[in-house]
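Since the structure comes first, as structure tokens, the remarks are kept for the end.
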Amino acid sequence: MARSIVFLHGAWVTATCWERMQPWFEARGYACIAPSWPGKDRPVEAIRADPSPLVGLGISEIVASYEQVVRERTAADGAPPILIGHSFGGLFTQILLDRGLGAAGVAIDPAPPKGVWPFEPTAFRALFGALTRYLFGRRVVRWSFGSFRYAFVHLLPLDEARAAYERHVVPETGRIFFQSAIAMLNPRSPTRVNFRNGTRAPLLIIAGGSDRIVPPVINRRNVRAYAKSTARTDFREFPGRVHWIIAQDGW
């Protein structure tokens, strides 16, 4: 039986973000699934027209939905799947590994867990608008093309950046950004992991060298946080890659 891979997407997009990467692994014999977050298991146009199912959606609820998928896949295969997550999906990958789920994990430009300092000038600029709109009562927040281009695709040609925006970007629950921003102040933050957990599966953290929303310095802090664990943690940085690394050519 083929080893399974579960792909975990991030904020502002749906599982269609894996449409270039998933076939690559399938052609090499992996059984791949890319579940959507609750409320995002609909076409992009439908989410844009009615984002109300995302109201109140938080990190715990999203992780719980992925945990169910991983447990079901493990039971069906008789072996745990590999987890590959991008952005917030990379954070969820770390949380699931910490819970003893997954044969191995790859976290690509992951949002950092509690205990990893998440603030850098470009990261703050990229998320400031979403956070403030949430705090001023907009429980679902929308992203302009300008904000998307600054945070995700600033090195892509304008036409490619616009095409990515039209193809993938959807409104988002604002709650996840608030939960991430106050993680340091919340002892029970849903973003927390046990960095010393020596029983978790191996983890690879990947950084895009030109990422603005999760700059390499944040990823390096994330890797250092695991330094006292006996579980394997590796790191690789790809120069010239932006946050939209999973859809960039040539890596």
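Quick note: numbers below take in every heavy atom, side chains included, and nothing from hydrogens, waters or symmetry partners. Source: prediction; values computed, not measured.
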message: Determine whether Arg167 and Val44 satisfy the following criterion, side-chain contact (heavy atoms from CB on, under 4.5 Å), listing intermediate values before the conclusion.
response: CA-CA 8 Å; Arg167 170 74 175 148; Val44 167; over 6 Å; no
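- A cation-pi contact links Arg162 to Phe145, judged by a cut-off of 6.0 Å to the six-membered ring centre and 45° from its axis.
- A single hydrophobic cluster is seen to contain both Ile5 and Met21, as judged by linkage of ILVMFWY side chains at heavy-atom distances under 4.5 Å, directly or through other members.
- Side-chain atoms of Ser229 come within 3.5 Å of backbone atoms of Asn197 as a donor-acceptor pair (strictly under, hydrogens ignored).
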message: Pair Tyr66, Ile95 - check side-chain contact (heavy atoms from CB on, under 4.5 Å), show working.
response: CA-CA 10 Å; Tyr66 277 127; Ile95 295 171; over 6 Å; no
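- Within a 6.0 Å sphere centred on CZ of Arg125, other residues, nucleotides and ligands contribute 12 heavy atoms or fewer.
- Distance check: Arg224 CZ to Asn219 CG gives 11.0 Å after rounding to the nearest 0.5 Å.
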- prompt: Could you walk me through whether Asp234 and Arg236 pass the salt bridge (charged side-chain N to carboxylate O under 4.0 Å, His left out) check?
  reply: CA-CA 7 Å; Asp234 291 324; Arg236 184 169 181 186; over 6 Å; no
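- Here the closest non-hydrogen pair linking Pro113 and Gln94 is CG-OE1, 3.4 Å.
- Closest non-hydrogen pair, Ala123 versus Pro215, comes out as CB-CD, 4.2 Å.
- Residue pairs that meet the salt bridge (charged side-chain N to carboxylate O under 4.0 Å, His left out) test with at least one member in residues 20-37, sequence neighbours left out, are Arg20-Asp249.
- When all heavy atoms are compared, the tightest approach of Gln248 to Leu156 is NE2-CD1, 3.9 Å.
- Taking hydrophobic clusters as Ile, Leu, Val, Met, Phe, Trp and Tyr residues chained together by side-chain heavy-atom distances below 4.5 Å, Leu185 does not share a cluster with Leu135.
- Between the CG atom of Leu97 and the CZ atom of Phe92 there is a distance of 13.5 Å, given to the nearest 0.5 Å.
- For the pair Ala161 and Phe148, the tightest heavy-atom approach, listed with the atom from each and the gap, is O-CE2, 3.6 Å.
- Nearest approach of Ser87 to His243, heavy atoms of both residues: OG-NE2, 2.9 Å.
- Between the side chain of Arg139 and the main chain of Tyr134, a donor-acceptor pair closer than 3.5 Å is present.
- Shown here for Ala207 and Pro216, the closest heavy-atom pair between the two residues is CB-CA, 4.2 Å.
- Under the ring pair (Phe, Tyr, Trp, His ring centres under 6.0 Å) criterion, His9 pairs with Trp37, not counting sequence neighbours.
- Taking CD from Glu172 and CZ from Arg133, the interatomic distance works out to 12.0 Å, rounded to the nearest 0.5 Å.
- Counting only distance, with no hydrogens or angles, the side chain of Arg42 and the backbone of Asp50 share a donor-acceptor pair below 3.5 Å.
- Side chain of Arg3 to main chain of Pro80: a donor-acceptor pair is present (N/O by atom type, distance under 3.5 Å, no hydrogens or angles).
- Relative orientation of the His86 and Phe152 rings is perpendicular, given thresholds of 30° and 60° on the angle between their planes.
- Qualifying ring pair (Phe, Tyr, Trp, His ring centres under 6.0 Å) partners for Phe7, counting only residues two or more places apart in sequence or in other chains: Trp18, Phe25.
- Annotation: cation-pi pair Arg149/Tyr165 absent, no NZ/CZ under 6.0 Å from the ring centroid and within 45° of its normal.
- When atom types are taken as modelled, the side chain of Ser65 and the backbone of Ile62 share a donor-acceptor pair closer than 3.5 angstrom.
- Atom CZ of Phe119 sits in a crowded spot, with more than 12 heavy atoms from other residues, nucleotides or ligands closer than 6.0 Å.
- In this structure, Thr173 OG1 and Gln179 CD are separated by 7.5 Å, a value rounded to the nearest 0.5 Å.
- Atom-to-atom distance recorded for Thr122:OG1 and Asp211:CG is 7.5 Å, nearest 0.5 angstrom.
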message: If you apply the rule side-chain contact (heavy atoms from CB on, under 4.5 Å), what do you find for Ile108 with Phe238, and how did you get there?
response: CA-CA 11 Å; Ile108 305 169; Phe238 287 84; over 6 Å; no
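- To the nearest 0.5 Å, the span separating CG on Leu131 from CD1 on Ile176 amounts to 11.5 Å.
- Residue-environment remark: CZ (Phe178) stays at or below the threshold of 12 foreign heavy atoms within 6.0 Å.
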message: Let's go through Tyr30 and Gln22 carefully: what are the C-alpha distance in whole Å and the side-chain angles of both, what is the deciding distance for side-chain contact (heavy atoms from CB on, under 4.5 Å) to 0.1 Å, and is it a yes or a no?
response: CA-CA 9 Å; Tyr30 292 93; Gln22 191 170 336; over 6 Å; no
